[in-house]
Amino acid sequence: MANKHEGFVTEITPRSEDFSQWYLDVVRRAELADYSPVKGCMVIRPYGYAIWELIQQALDVRIKATGHVNAYFPLFIPESLLHKEAEHVEGFSPQVAYVTHGGGEELEERLVVRPTSEAIVGTMYAKWVQGWRDLPILINQWANVVRWEKVTRPFLRTTEFLWQEGHTAHETEAESEAETLKILDLYAEVCETILAMPVVKGRKSESEKFAGALRTYSIEALMGDSRALQAGTSHNLGQNFAKAFDITFQARDKSVQHVWGTSWGVTTRLVGAVIMTHGDDSGLILPPLIAPYQVVVVPIGRDNWRETVLPKAQEIKAGLAAAGIRVTLDERDERPGWKFAEWELRGVPLRLEIGPRDIEKSQVLVARRDTREKIGVPMEGLAGRIKELLGDVQRTLFDRARAFRDDRTRRASSYEEFKKLMEGRPGFVVASWCGSAACEAQIKTDTQATLRNMPLGSATPTGACVRCDSPAAAEAWFAKAY
RNA sequence: CGGGGCGUAGCGCAGCCUGGUAGCGCACCUGCCUUGGGCGCAGGGGGUCGCCGGUUCGAAUCCGGCCGCCCCGACCA
């Protein structure tokens, strides 16, 4: 019974004590993932994978609804293909894993384990595109990729990770730009409405853009420790890859032109983002829309509860399931208090307690994970009421996260003020920026903060750069980031 | 790649300094008892002490080497 005020869960480091350890504790204790024998690689356990599957479904539906189709490109890429786009190679070569042997023999040409698929996709698109009628190509793939990382953390950065990567080809720059922004909106919508995680949409600086892209856009979120996390990126590749891979088409005006490309992706990192956005000292808190179980039913009773209470609990479970609610019934031989703590740790949005007293009153007791409120709910019309409550939890989580983010977003008008605000763990600091890489780098040296992005729709600032006296070119959001 | 820490039961750790039959808590198994916030009692199973070598009558412990993992910083989703 230690930690009574902290929510009854032991073996989790309090967030205030060590956020990073708290995160690792939650991942382990909630059985989301486990370390594998290979450094930097993790096993995504069933509960963690179920969350990913729900995120995946939400994305997949939307990606298809915007006209894209899924396909699959191979894991191995001949080394020479990766080297076709100069900036791209330079960006990725330190992180690439190679296959040197196969079938007991050394390979004539080493194979790259894809760190991303632009090279192989570009190679294929060159074969598939002849004329303007072949465009656009709108392909997405769900895949694993490998990037040899020096520092890894479960979900946030692992050597191998799962993601979705879209690769499109268009006739004009206007189309590729529209596509890039359309996907950025799609990502933001999924993060906000499904993950209940507010994000800032914006453009990356030159130094932070994708290797080989013309422009990179990102969505940025603020985690519970006030550090920023890049939650997704969408790149307008311009004609860079088309030129490197010779993807040409005959245009409407009979001229031969290079296609305009885009690529965009989100990863299993989103699972980590959800943990760090909503979790508390008792463990995970899952937004209902991605909770593998939205409701857990816990039967309560004396030694004969299996006879007296369980049938009613089963009936309730069946009723909720029939109404399309993801529900589980915990009929293990454990004490109720133990089960409460266990399901709180796993972040189940609603716990439904049913005991003799409730049966008498023809009601159930519903406990909300987000607010810890306990509410008596009549058995009559239960499913409808539960759906309302799930919607309310979803909204509450988003509102809470947005209030947290807004509360930690400040504006700096002088460099002194900027540096002062960046002390400790401040969240976002908004400032005008001249656009020079030198200022960006100096800010990083002075404060450890990086330019997260330049939000879309910000008015062009009229004043001077927060760091130098040159005229400001853009409004930028800075933060210490993951 | 730099800095730090740690490898002893599934998990968390003690034992190491000062060598002498490997321990604690949780978890697990059996039984009883209990059940509206991680009950209680009794019994039980489980470890080549990261690996290799050395010193010694004897090494988890001392010495040398290696390997691995975690955390924090520079680079990246």
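What you are looking at is a predicted structure, and each value in this text was computed from that prediction instead of being measured. Throughout, protein chains are lettered first and strands after them, A, B, ... in sequence-line order, and every chain is numbered starting at 1.
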A.B. asks: Could you give all pairs that pass the side-chain hydrogen bond (donor to acceptor under 3.5 Å, both in side chains) test and reach residues 40-55 of chain A, with sequence neighbours left out?
C.D. replies: none
A.B. asks: Regarding A/T233, tell me which of base, sugar-phosphate or nothing describes its non-hydrogen contacts under 4.0 Å with the strands shown.
C.D. replies: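 Nothing: the residue A/T233, judged by heavy atoms under 4.0 Å, touches no strand.
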A.B. asks: Measure from the side-chain heavy atoms of A/D303 and tell me the nearest of B/C28, B/G37, B/U35.
C.D. replies: B/U35
A.B. asks: I want to verify a distance call: between B/A77, B/G36, B/C28, whose nearest atom is closest to the A/E334 side chain?
C.D. replies: B/C28
A.B. asks: Among B/G36, B/C76, B/A77, which nucleotide sits nearest the side chain of A/Q95?
C.D. replies: B/C76
A.B. asks: Any ion pair linking A/R28 and A/D25 (charged N to carboxylate O, less than 4.0 Å)?
C.D. replies: yes
A.B. asks: What are the atom names and distances for every N/O pair under 3.5 Å that joins the protein to nucleotides 68-74 of chain B?
C.D. replies:
from, atom 1, to, atom 2, distance (Å)
B/C69, OP1, A/K39, N, 2.9
B/C72, OP1, A/S20, OG, 2.8

A.B. asks: Can you find a side chain N or O atom of A/R351 that sits less than 4.0 Å from OP1 or OP2 on B/G37?
C.D. replies: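 For A/R351, the contact criterion (side-chain N or O under 4.0 Å from OP1 or OP2 of B/G37) is not met.
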A.B. asks: Side chains of residues 286-303 of chain A: which donor-acceptor partners sit under 3.5 Å, not counting sequence neighbours?
C.D. replies:
from, atom 1, to, atom 2, distance (Å)
A/Q294, OE1, A/R326, N, 2.9
A/Q294, NE2, A/P288, O, 3.1

A.B. asks: From the list B/G36, B/C28, B/A77, which nucleotide is the closest neighbour of the side chain of A/E149?
C.D. replies: B/A77
A.B. asks: To the nearest angstrom, how far is A/E353 atom CD from B/G36 atom P?
C.D. replies: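 Going from A/E353 (CD) to B/G36 (P), I get 10 Å.
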A.B. asks: Should A/I120 and A/F76 be marked as a side-chain contact (heavy atoms from CB on, under 4.5 Å) after you check the CA-CA gap, both sets of side-chain angles, and the distance that decides it?
C.D. replies: CA-CA 9 Å; A/I120 185 67; A/F76 298 130; over 6 Å; no
A.B. asks: Between A/F241 and A/Y125, is the ring centroid distance below 6.0 Å?
C.D. replies: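 Ring centres of A/Y125 and A/F241 not closer than 6.0 Å.
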A.B. asks: What nucleotide among B/C76, B/A77, B/G37 has an atom nearest to a side-chain atom of A/R372?
C.D. replies: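 Closest of the options to the side chain of A/R372: B/G37.
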A.B. asks: Establish, with yes or no, whether the OP1 or OP2 oxygen of B/U34 is under 4.0 angstrom from a side-chain nitrogen or oxygen of A/R335.
C.D. replies: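 False: A/R335 side-chain N/O out of range (4.0 Å or more) of B/U34 OP1/OP2.
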A.B. asks: With a cut-off of 6.0 Å (strictly less than), are more than 12 heavy atoms of other residues, nucleotides or ligands near CH2 of A/W148?
C.D. replies: no
A.B. asks: Toward the 5' end of RNA chain B, which comes first, A/H235 or A/K374, by nearest nucleotide?
C.D. replies: A/K374
